[in-house]
Colleague: 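First the structure, then my questions, so here it is.
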Amino acid sequence: MTITSPLITPGPNAKTYECRKGERPSDTVVRAVADATTTDELSLPPLLDALDPDALDDLLRPFEANPTRGRVVEFHYAGVHVSAFADGRVVVQPH
């Protein structure tokens, strides 16, 4: 897992998803990866295999009120590269 400033340039096959109201960032990641890979959410490996979902939520949630802080967490999960931003965006792109 890498925590960087949001200087990531999504590739041509990247898909961007938005966190739904009340949805935890970790749940957005699972939903986004499932959609991007056309896989049922329950068929994905546990997110815990890639990173601690609670830690992801803790890192991104406090910044929801001030998304200009620019925090992003990048990691690999279920065969894709994931960038989860403090502003609620999740970008999924193939490796």
Colleague: Quick check for you: to the nearest 0.5 Å, what is the distance between S26 atom OG and L59 atom CG?
Modeller: 11.5 Å
Colleague: Kindly indicate whether the side chain of T28, heavy atoms from C-beta on, has any atom under 4.5 Å from the side chain of R20.
Modeller: no
Colleague: How about F75 and S83: do any of their side-chain heavy atoms sit closer than 4.5 Å?
Modeller: no
Colleague: Between Y77 and L48, is there a donor-acceptor pair closer than 3.5 Å when you use the side chain of the first and the backbone of the second?
Modeller: no
Colleague: Please list all pairs meeting salt bridge (charged side-chain N to carboxylate O under 4.0 Å, His left out) that have one or both residues in residues 37-56, counting only residues at least two apart or in different chains.
Modeller: R24-D54
Colleague: State the CD-CZ distance between E74 and F85, to the nearest 0.5 angstrom.
Modeller: 7.0 Å
Colleague: Could you please spell out the steps behind the side chain to side chain contact (heavy atoms under 4.5 Å, CB included) verdict for L44 and V30?
Modeller: CA-CA 8 Å; L44 290 172; V30 172; 4.1 Å; yes
Colleague: Check whether N13 reaches the backbone of Q93 with its side chain - one donor and one acceptor, N or O, closer than 3.5 Å.
Modeller: no
Colleague: Could you work out, with side-chain contact (heavy atoms from CB on, under 4.5 Å) as the rule, every residue matching A32, not counting sequence neighbours?
Modeller: Y17, V90, V92
Colleague: Holding to side-chain hydrogen bond (donor to acceptor under 3.5 Å, both in side chains), I want the full list of residues that pass it with T39, two or more places apart in sequence or in another chain.
Modeller: T37
Colleague: Can R71 and L60 be said to form a side chain to side chain contact (heavy atoms under 4.5 Å, CB included), step by step?
Modeller: CA-CA 7 Å; R71 184 166 284 187; L60 298 181; 4.2 Å; yes
Colleague: How far apart are the closest heavy atoms of E18 and R31, and which atoms are they?
Modeller: O-NH2, 2.8 Å
Colleague: For V82 and H76: C-alpha separation, side-chain torsions, deciding distance, then whether side chain to side chain contact (heavy atoms under 4.5 Å, CB included) applies.
Modeller: CA-CA 6 Å; V82 177; H76 295 278; over 6 Å; no
